There are 2 protein chains.
Amino acid sequence: MFCHVAPRPRNAEATRAAILAAARERFARESYDDVGMRDIAGDVGVDAALVSRYFGSKEELFLTVLDSCANGRDLMDGERADFGRRVARDVIFEGGGEGKLKKLLIMLRSIGSAKAMELVQRTGSESFFDPFAAWIGGEDGAVRARLAAATIMGMAVSREITAGFGLTPAECERLADRMALILQNIIDN
Amino acid sequence: MFCHVAPRPRNAEATRAAILAAARERFARESYDDVGMRDIAGDVGVDAALVSRYFGSKEELFLTVLDSCANGRDLMDGERADFGRRVARDVIFEGGGEGKLKKLLIMLRSIGSAKAMELVQRTGSESFFDPFAAWIGGEDGAVRARLAAATIMGMAVSREITAGFGLTPAECERLADRMALILQNIIDN
DNA sequence: TGGCTTTGTCATCACCCGTTGACAAGCGAA
DNA sequence: TTCGCTTGTCAACGGGTGATGACAAAGCCA
């Protein structure tokens with residue numbers, strides 16, 4: 001019995017897109033340093049050399065991934081009055097990786113690598129914080145954007161370094177409720 | 001003219017302590033992966049091999065550093081009514097590295113390395129979150145401890161990935177005020 | 001002074017990483 | 001079919017890492 005893996009069709013554009021998508025998932029879940037070119041290539045079923053060739057270098061790939069992510073504005077579609085609750089539940093119960101928080105997660109993980117952080121610093125402000133601040137609007141929009149982003153990222157960190165908070169499900173519910181309140185309050189005034 | 005660096009006196013105990021201190025500073029400011037044995041050794045003026053010999057391995061050194069840090073309780077000496085303001089200003093204006101937040105910073109940076117995170121997960125709860133929760137006390141102490149820690153870590157992350165928030169000094173003041181309020185509110189009820 | 005233990009250094013190893021250029025395979029056009 | 005371009009693979013390189021064991025130097029004790 002011969003088992004063949006279905007070979008990837010020869011299609012540069014599709015392959016490039018698949019690599020980009022795989023890289024986005026990786027970078028959202030592991031730090032820049034922990035993600036290897038060989039890992040990404042393996043996810044797609046391709047040789048690592050191809051990744052280098054299509055994207056030039058790991059740094060350029062990382063930047064392309066950042067660009068490809070939903071930017072700050074997409075965090076906020078949906079009811080504004082529901083923002084706190086929505087985001088709190090996403091980050092606490094899902095880890096944020098599925099939704100619009102992906103870019104925030106990737107930025108967060110950049111503190112693990114001096115190289116990645118420099119890249120994030122260059123692009124993070126205009127692509128994330130500025131639109132976010134504009135959406136929040138009002139007095140001190142920029143300040144409140146930093147505050148909200150910090151709250152979200154902090155909870156994401158806390159979730160990971162305690163392996164799911166180490167709380168009971170009921171406590172997680174109350175954690176989500178409290179966080180929702182805080183976030184909504186930041187947004188509202 | 002001969003310029004000699006004062007040679008470190010031959011004293012195993014003092015050298016070991018110096019290495020530990022240097023490692024603590026490094027790990028509080030850079031991620032586990034970015035800190036090299038040669039960096040730490042260089043700070044002390046010693047060969048990298050000595051670090052390995054005194055602490056066994058990088059992992060063991062990291063664990064020893066975590067132990068050597070002020071634990072959760074030390075975060076909270078000082079007026080309880082002043083907690084929010086004190087911590088907010090420390091993290092926003094100083095980056096937290098000088099004070100009692102060092103352990104939190106090190107834990108935070110562990111998200112940059114799968115290896116470091118596993119170590120932090122094993123020791124973080126009983127050495128940090130549990131005492132912190134006990135100090136907070138009252139209903140939902142554990143939940144509120146996670147919330148406060150997340151707020152602090154998030155602000156530390158935000159500060160770094162935006163290279164000092166990118167805010168005016170006046171805005172930073174208002175950021176600190178708002179954060180102080182939130183933190184204090186978490187502590188109080 | 002001579003010898004022994006402690007303290008520190010040096011050269012080196014094996015490993016993993018991103019990257020590169022040479023090569024193979026697919027596939028459409030002539 | 002045969003040529004030629006595109007798409008993908010392979011083996012290798014240079015650089016950096018943590019770790020190791022042999023060696024040098026310093027201090028102490030007799």
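Remember, it's a predicted structure, so these values are computed and weren't measured experimentally. Numbers restart at 1 for each chain; the letters A, B, ... are given by sequence-line order, proteins then strands.
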Round to the nearest Å and state the distance from [X] atom [atom1] to [N] atom [atom2].
{"X": "Asp39(B)", "N": "dG18(D)", "atom1": "CG", "atom2": "C1'", "value": "12 Å"}
{"X": "Asn11(B)", "N": "dG8(C)", "atom1": "CG", "atom2": "P", "value": "8 Å"}
{"X": "Phe55(B)", "N": "dA19(D)", "atom1": "CZ", "atom2": "P", "value": "13 Å"}
{"X": "Lys115(A)", "N": "dG16(D)", "atom1": "NZ", "atom2": "C1'", "value": "11 Å"}
{"X": "Glu59(B)", "N": "dG18(D)", "atom1": "CD", "atom2": "P", "value": "12 Å"}
{"X": "Arg10(B)", "N": "dT6(C)", "atom1": "CZ", "atom2": "C1'", "value": "6 Å"}
{"X": "Leu61(B)", "N": "dT17(D)", "atom1": "CG", "atom2": "C1'", "value": "15 Å"}
{"X": "Asp47(B)", "N": "dT20(D)", "atom1": "CG", "atom2": "C1'", "value": "12 Å"}

Which nucleotide, [options], lies nearest any side-chain atom of [X]?
{"X": "Ala49(B)", "options": "dT12(C), dG21(D), dT7(D)", "result": "dG21(D)"}
{"X": "Leu50(A)", "options": "dG8(D), dA26(D), dA19(D)", "result": "dG8(D)"}
{"X": "Arg38(A)", "options": "dT7(C), dT19(C), dT17(D)", "result": "dT19(C)"}
{"X": "Lys58(B)", "options": "dT19(C), dC10(D), dA19(D)", "result": "dA19(D)"}

Under-4.0 Å side-chain N/O to phosphate OP1/OP2 contact, [X] with [N]:
{"X": "Ser57(B)", "N": "dG18(D)", "value": "no"}
{"X": "Thr15(B)", "N": "dT7(C)", "value": "no"}
{"X": "Tyr54(B)", "N": "dT7(C)", "value": "no"}

**Prompt:** Which residue lies toward the 5' end of DNA chain C, Asp34(A) or Arg16(B), if each is placed at its nearest nucleotide?
**Reply:**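 Final value for this comparison: Arg16(B).
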**Message:** Assuming nearest nucleotide by heavy-atom distance, tell me which of Ala48(A) and Met37(B) is located more 5' along DNA chain D.
**Reply:**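 Upstream on the strand: Ala48(A).
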**Request:** Take Arg53(A) and Val35(B), find for each the nucleotide of DNA chain D with the closest heavy atom, and name the residue whose nucleotide sits nearer the 5' end.
**Result:**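 Nearer the 5' end of the strand: Arg53(A).
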Can a salt bridge be assigned to the pair [X] and [Y] using a cut-off of 4.0 Å between side-chain N and carboxylate O?
{"X": "Glu79(B)", "Y": "Arg86(B)", "result": "no"}
{"X": "Glu139(B)", "Y": "Arg144(B)", "result": "no"}
{"X": "Asp77(A)", "Y": "Lys100(A)", "result": "yes"}
{"X": "Glu160(A)", "Y": "Arg29(A)", "result": "no"}

**Asked** So Phe62(B) and Phe27(B), would you call those rings parallel, tilted or perpendicular, with 30° and 60° as cut-offs?
**Response**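 Answer is perpendicular, since the angle exceeds 60°.
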**Message:** So Val51(B), base contact, sugar-phosphate only, or nothing? Heavy-atom distance under 4.0 Å.
**Reply:**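 Val51(B): no heavy atom of the nucleic acid under 4.0 Å.
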